[in-house]
Q: 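Pasting a structure below so you can have a look.
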Amino acid sequence: MLNELYRSKYDGSIVQAYCRFTRYSEQTVHGEELGILRLEDASDINSRIIANDDLDLIRTMTRPGLVEVMLRARPGGLHVYASLLSIREVSVDEIHNGAALLPRDRCSQDAQTAFDTLLEFNESIPNPILKFFLSRVLLDPAIGAPLMTAKASHGYHHAGSGGLLMHSTDLLKEAGDLAAKAFPDSPDAVTITQLGYLLHDLGKVVTHALGAPQSDLRHEFVTIQLLGNHLAWLNRRYPEAANALQLILDHCAMPAKHRGIGKFLGADIVIWCDQLSTARDHGSAWGQRLSRRAANDAGTSSHTALRSTVHG
């Protein structure tokens with residue numbers, strides 16, 4: 001990651017990193033013409049301006065996108081400066097952890113812990129197909145960057161900038177713990193349940209974007225639309241996983257009074273975690289009771305008991 005430049009800027013060592021190239025400009029500094037390349041990833045560097053004197057090399061980059069760079073760091077005051085040794089465009093299929101290329105600096109201070117949870121979760125997914133699936137979703141320009149600032153609601157819960165990210169990672173571990181009890185022999189089912197929880201409100205990057213007016217558009221259907229191409233990609237490589245994730249999203253999209261019991265237990269777990277996260281942030285007594293019951297049911301392993309936990 002680009003924060004390695006800070007650690008190496010005084011010894012001239014070479015840093016190799018995947019990142020997002022966002023823009024390029026040229027300027028003259030002390031009579032020398034330089035190219036200024038802006039690179040971003042999930043590092044906590046305040047300024048990611050890369051200066052370089054090989055203009056022909058930089059000018060090969062004509063549009064923003066994902067790149068792999070090799071840089072030789074050098075001292076540069078408050079900014080991160082480096083000589084660019086190589087740069088090439090890469091496809092999303094080369095990125096193992098899409099969260100590592102998201103713009104952390106767009107997250108509010110309150111959402112920084114949620115960002116770390118997302119970063120760690122993407123890195124920890126054991127199945128490479130599911131890991132690449134999440135990376136592809138997060139690197140979708142219509143999804144990843146807006147997720148950094150979208151709200152989870154217009155006022156009821158997690159209503160500030162980054163609230164959607166906070167809500168969607170709040171009980172990611174708990175969703176995995178419940179799924180592990182429900183599917184003790186299927187680590188993929190555990191991951192799919194966690195993915196379902198992480199992505200269940202994704203449509204709010206459109207309906208609850210920071211500064212967006214309230215809309216009658218149902219975010220659940222926007223979620224399914226946003227994930228359509230990504231689920232098709234997953235279906236070609238792991239149809240069982242795509243089907244299970246679709247069952248979760250379809251279950252979430254049903255009106256609560258008609259929802260009933262899910263066709264896949266992971267869907268019930270997602271609904272339960274969604275409701276608990278909402279209630280806890282809202283501060284309702286129901287949320288406190290649900291938290292206590294969750295603690296009492298921590299040793300639950302049977303499907304019947306788990307259904308009781310998530311449906312009350």
Side-chain angles (χ1 to χ4, degrees), residues 98-99 114 117-138 143 147 152 164-203 220 223-224 226-227 230-231 233-235 237-254 256 259-280 290-291 293-295 297-312:
T117 299
L118 177 64
L119 191 65
E120 293 165 8
F121 174 61
N122 200 166
E123 184 62 34
S124 69
I125 294 176
N127 185 305
I129 296 177
L130 297 177
K131 188 172 187 175
F132 275 112
F133 167 75
L134 179 56
S135 289
R136 291 177 63 87
V137 170
L138 294 176
I143 295 173
L147 179 61
L164 178 59
L165 179 61
M166 296 166 65
H167 171 58
S168 301
T169 58
D170 183 24
L171 294 180
L172 196 56
K173 179 183 181 300
E174 288 78 359
D177 291 343
L178 279 171
K181 294 179 175 66
F183 311 107
D185 301 319
S186 179
D188 283 357
V190 174
T191 299
I192 291 164
T193 300
Q194 290 181 290
L195 286 170
Y197 173 66
L198 176 66
L199 303 175
H200 76 280
D201 273 345
L202 196 62
E220 296 92 346
T223 298
I224 293 172
L226 284 172
L227 290 175
H230 302 293
L231 285 170
W233 178 93
L234 182 61
N235 188 60
R237 292 158 178 82
Y238 194 169
E240 296 83 2
N243 180 65
L245 192 52
Q246 186 70 61
L247 287 174
I248 293 176
L249 298 177
D250 289 345
H251 190 65
C252 291
M254 294 181 64
R259 193 175 284 146
I261 294 175
K263 296 179 181 178
F264 171 57
L265 181 53
D268 299 300
I269 293 172
V270 168
I271 293 294
W272 183 84
C273 290
D274 173 38
Q275 293 175 344
L276 177 56
S277 174
T278 298
R280 291 200 312 184
L290 206 56
S291 295
R293 191 171 77 219
D297 292 341
T300 294
S301 60
S302 72
H303 277 225
T304 300
L306 281 167
R307 294 280 190 193
S308 175
T309 296
V310 299
H311 287 288

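Remember, it's a predicted structure, so these values are computed and weren't measured experimentally.
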Q: List in chain and number order the residues that pass side chain to side chain donor-acceptor pair (under 3.5 Å) with Ser277, two or more places apart in sequence or in another chain; answer none if no residue qualifies.
A: His167, Asp170

Q: Would you give the length of the straight line joining atom CG of Asn243 to atom CG of Leu231, rounded to the nearest 0.5 angstrom?
A: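 It comes to 10.5 Å.
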
Q: Listed by chain and number, what are the side-chain contact (heavy atoms from CB on, under 4.5 Å) partners of Glu174, not counting sequence neighbours?
A: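 Glu174 satisfies side-chain contact (heavy atoms from CB on, under 4.5 Å) with Leu171 only.
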
Q: Who passes side-chain contact (heavy atoms from CB on, under 4.5 Å) against Ala114, sequence neighbours left out?
A: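 With neighbours one apart ignored, the set is Leu165, Met166, Thr169.
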
Q: Working to the nearest 0.5 angstrom, can you tell me the gap between Thr193 OG1 and Leu178 CG?
A: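 Interatomic distance, Thr193 OG1 to Leu178 CG, rounded to 0.5 Å: 9.5 Å.
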
Q: If you look at every heavy atom in Gly203 and Thr223, which pair is closest and at what distance?
A: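 Closest approach of Gly203 to Thr223, heavy atoms only: N-OG1, 2.6 Å.
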
Q: Under the criterion side chain to side chain contact (heavy atoms under 4.5 Å, CB included), I'd like the reasoning laid out for Val137 against Leu195: C-alpha separation, chi angles, the key distance, then a yes or no.
A: CA-CA 11 Å; Val137 170; Leu195 286 170; over 6 Å; no

Q: Hey, can you pull the donor-acceptor pairs under 3.5 Å for the side chains in residues 123-135, sequence neighbours left out?
A:
from   : atom 1 : to     : atom 2 : distance (Å)
Glu123 : OE1    : Asn97  : ND2    : 3.2
Ser124 : OG     : Glu120 : O      : 3.2
Ser124 : OG     : Phe121 : O      : 3.0
Asn127 : OD1    : Ile129 : N      : 2.8
Asn127 : OD1    : Leu130 : N      : 3.4
Asn127 : ND2    : Asp188 : OD1    : 3.4
Asn127 : ND2    : Asp188 : OD2    : 3.0
Lys131 : NZ     : Glu123 : O      : 3.1
Ser135 : OG     : His96  : O      : 2.9
Ser135 : OG     : Gly98  : N      : 2.8
Ser135 : OG     : Lys131 : O      : 3.2

Q: Do Val190 and Gln194 touch side chain to side chain, with heavy atoms closer than 4.5 Å?
A: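 Result yes, sub-4.5 Å side-chain heavy-atom pair found.
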
Q: Checking Gln246 now: which residues fulfil side chain to side chain donor-acceptor pair (under 3.5 Å) with it, not counting sequence neighbours?
A: Asp250

Q: Return the minimal non-hydrogen interatomic distance between Cys252 and His200, and the atom names on each side.
A: SG-CB, 4.1 Å

Q: Starting at CG of Leu198, measure out to CG of Leu172 and round the result to the nearest 0.5 Å.
A: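 Output value for this atom pair is 6.0 Å.
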
Q: Looking at CD1 of Ile271 and CE of Met254, how far apart are the two atoms once the value is rounded to the nearest 0.5 Å?
A: 10.0 Å

Q: Answer whether the closest heavy-atom distance between the side chains of Leu118 and Leu138 falls below 4.5 Å.
A: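 Counting from C-beta outward, Leu118 and Leu138 do come under 4.5 Å.
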
Q: Go through the structure and list residues passing side chain to side chain donor-acceptor pair (under 3.5 Å) with Asp177, not counting sequence neighbours.
A: Lys173

Q: Nearest 0.5 Å, what's the CZ-CD1 distance between Phe264 and Ile269?
A: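 Here the interatomic distance stands at 7.5 Å.
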
Q: Considering only residues two or more places apart or on different chains, which pairs with a residue in residues 192-201 satisfy salt bridge (Lys or Arg N to Asp or Glu O under 4.0 Å)?
A: Asp201-Lys204

Q: Is there a side chain to side chain contact (heavy atoms under 4.5 Å, CB included) between Tyr197 and Ile248 once you walk through the steps?
A: CA-CA 9 Å; Tyr197 173 66; Ile248 293 176; over 6 Å; no

Q: Can you name the closest pair of heavy atoms from Phe183 and Gly266 and give their distance?
A: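 Taking every non-hydrogen atom into account, CZ-N, 3.9 Å.
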
Q: Could you report the tightest heavy-atom contact between Asn122 and Ala99, atom names first, then the distance?
A: OD1-N, 3.3 Å

